[in-house]
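As C-alpha cells, the structure follows; a few thoughts come after it.
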Amino acid sequence: FPFKSIPTPHLHPGQSKHSSKPKSIALLIEYLTSSFDVNVVDVSLDFGILSIQGPKSRQKLEQSFGQSLSGLKFSRFHQIMVNGLKVFVMRQGFTGELGFELWVKASDGGALWEILFEGDPSHETLLPAGFHSHDVARMEAGLIIPGPDYTGAGTDNDRGAASPVLQMDMRSPFETDLSRFVHFDKPEFIGKTALLKEWESGNFRRMKGLVIDWSDLAVVQGKKGLQPVCVPHPIWIPLDVTMHGKNIGRATSITWSPAIGNIAGFAFLDEKFAISGQNVTVEMPLGDEFCAVHAKVVDIPFLKPSRGN
C-alpha cells in the first residue's frame, strides 16, 4: 500500500494524493535538528495507509473491528489491535465527508484489506475506489488543494503547481473563501500588512462554482472529431474563464460530478462577474487546442456532506 506521497487507495462505504510530503519532511528535519539535539528518521515507507470515507465509514469500521470509534474527534488518532495487527486509526480525510485513515505496517496491508472485506465479497458496504474518486469528492465538497486550485507559497520551483507559476494563479485567503481564518486583531503575522490592504480595497477575485453542460462539450468534441468524454477526473491545470472574448477569471478542478450529473469545478472571478446564474465560457482543453464551452456560475459546495451527523 502506498503512503501519502503518492496516490492512495480510497474506500467509500455508502457513497460517496497528491502530497507535499518530501518538502514537509525536509522542513521538519531542518527545524528539529537546528533547534534540538535529536536525530530524525523518516520511516514513511515502513507504513501503508487506507482511507475509508463516507457517511457509513464509522459504522463499517466498528463492525469490522468490533470496537467503538464514536469518541474519536477530527484529526485525532488512537492505536488499536485487530486480529493481531497494530492499527493506527485517524479520523481524517479530504473528501469533506466523515472518514478515517488506517495506518499499518506495510507488510500488514493485505491482512487489513481482508479484514475489511470479510463477509462482503460483493462490495455492498465497502467499495474499492481510486485516487480520482477522492479528488472528485473534495471538489464537490468545495475543498481546494495547492497546485491545481492555487499556487502555494515557496520558490517558483517548489510550489506544488501543476502548471507554470503565473501571477493570475496566486490567490489570497480572501480569493479562496478562507477569510474566516484571517484575524486582523492579532498583533502581527506574516503578510498582515498586504492582506489588510487587499481587504480594505476589496480588489480581489471571488471563489464560486461552475457548471458546464456536458452535452455542449460533447457537441464541441464531435465537431473536432474527438470521442465525447465527460472529464472523468479533475483537470489539474487552471483554465481561462471568459465573457464576450474578455478574460474574467480562472477555472480549476473541472471534472464530472456524480452529485449533480454534470461537469463542474471552481471559478475565481472578478467581483462583478461572480454572480450565481451568470453565463460565461470556459476554455476547455480538447486535443492540442483550447475551445470555448458554455458554463454557468453557481454557489458552492455542490454537495453538502453529512459528516456523519
Side-chain angles (χ1 to χ4, degrees), residues 18 20 23 94 96 138-212 234-255 257 263-285 290-302 304:
H18 182 255
S20 57
K23 182 173 68 173
F94 200 55
R138 64 93 189 163
M139 184 282 295
E140 292 179 328
L143 302 178
I144 58 175
I145 56 176
D149 296 316
Y150 68 95
T151 298
T155 65
D156 286 353
N157 294 324
D158 189 27
R159 298 193 183 200
S163 60
V165 175
L166 300 175
Q167 182 68 36
M168 69 178 71
D169 297 320
M170 298 179 189
R171 314 197 200 290
S172 74
F174 311 132
E175 295 177 307
T176 51
D177 199 27
L178 297 175
S179 59
R180 62 191 180 279
F181 297 117
V182 180
H183 300 283
F184 290 119
D185 56 347
K186 293 177 63 175
E188 194 56 59
F189 56 86
I190 296 175
K192 179 178 180 179
T193 301
L195 287 174
L196 183 58
K197 180 179 179 180
E198 180 177 278
W199 179 254
E200 291 176 341
S201 73
N203 186 25
F204 51 86
R205 286 178 168 176
R206 271 58 174 182
M207 181 179 175
K208 299 288 286 185
L210 279 179
V211 173
I212 300 173
I235 298 174
W236 272 21
I237 59 171
L239 308 173
D240 285 333
V241 181
T242 62
M243 179 181 288
H244 308 307
K246 178 185 177 182
N247 187 293
I248 60 171
R250 300 280 263 179
T252 66
S253 291
I254 300 297
T255 188
S257 168
I263 300 169
F266 303 136
F268 301 90
L269 303 172
D270 295 341
E271 181 181 13
K272 64 181 179 180
F273 301 109
I275 302 171
S276 294
Q278 178 73 65
N279 292 313
V280 298
T281 53
V282 177
E283 298 295 321
M284 293 285 290
F290 289 83
C291 297
V293 178
H294 294 103
K296 186 179 293 290
V297 178
V298 300
D299 292 332
I300 51 176
F302 298 96
K304 190 170 184 179

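Along the sequence shown, the residues carry numbers beginning at 1.
- Using bins of under 30°, 30° to 60° and over 60° for the plane-to-plane angle, the ring pair Trp199/Phe204 lands in the parallel bin.
- Across all their heavy atoms, Ile254 and Ala251 have their closest contact at CD1-CB, 4.1 Å.
- Considering all non-hydrogen atoms of both residues, Glu140 and Ser257 come closest at OE2-OG, 2.7 Å.
- In this structure, the side chain of Arg138 engages the main chain of Leu143 through a donor-acceptor pair within 3.5 Å.
- In this structure, Thr281 OG1 and Ile212 CD1 are separated by 10.0 Å, a value rounded to the nearest 0.5 Å.
- In terms of the side-chain hydrogen bond (donor to acceptor under 3.5 Å, both in side chains) criterion, residue partners of Asp299 (sequence neighbours excluded) are, by chain and number, Lys208, Ser276.
- The environment of Asn247 atom CG is dense: over 12 non-hydrogen atoms of other residues, nucleotides or ligands sit within 6.0 angstrom.
- Atom CZ of Phe184 and atom OG1 of Thr193 lie 9.5 Å apart (nearest 0.5 Å).
- Here the closest heavy-atom approach between residue Ala141 and residue Gly96 is recorded as CB-CA, 4.0 Å.
- Looking at Asp149 and Arg171, their side chains never come closer than 4.5 Å, going by heavy atoms from C-beta outward.
- Considering only residues two or more places apart in sequence or on other chains, Asp270 meets the side-chain hydrogen bond (donor to acceptor under 3.5 Å, both in side chains) condition with Arg205.
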Any chance you could lay out the side-chain contact (heavy atoms from CB on, under 4.5 Å) test for Trp236 and Ile145, step after step, and finish with the verdict?
CA-CA 10 Å; Trp236 272 21; Ile145 56 176; 4.1 Å; yes
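- With Leu210 as reference, Val282 is the one residue of Val282, Ile263, Ile300 to meet the side chain to side chain contact (heavy atoms under 4.5 Å, CB included) rule.
- Distance check: Leu239 CG to Thr252 OG1 gives 8.5 Å after rounding to the nearest 0.5 Å.
- Across Arg250 and Pro238, no two heavy atoms sit closer than the pair NH2-CG, 3.3 Å.
- Of all heavy-atom pairs between Gly209 and Phe302, the closest is CA-CZ, 3.8 Å.
- Lys272 contributes atom NZ, which lies 9.5 Å from atom CE of Met243 (distance to the nearest 0.5 angstrom).
- Using a 4.5 Å cut-off on side-chain heavy atoms (C-beta onward), Phe174 and Leu195 make contact.
- For the atom pair CZ (Phe94) and CD1 (Ile144), the distance works out to 7.5 Å, reported to the nearest 0.5 Å.
- Proximity of a side-chain donor or acceptor of Lys192 to a complementary backbone N or O of Lys186 within less than 3.5 Å is detected.
- Between Arg180 and Leu178, some side-chain heavy-atom pair lies under the 4.5 Å cut-off.
- Contact between Arg206 and Ala274 at its shortest, heavy atoms only, is CB-CB, 3.7 Å.
- Atom-to-atom distance recorded for Glu198:CD and Ser179:OG is 11.0 Å, nearest 0.5 angstrom.
- A heavy-atom distance below 4.5 Å is found between the side chains of Val297 and Val280.
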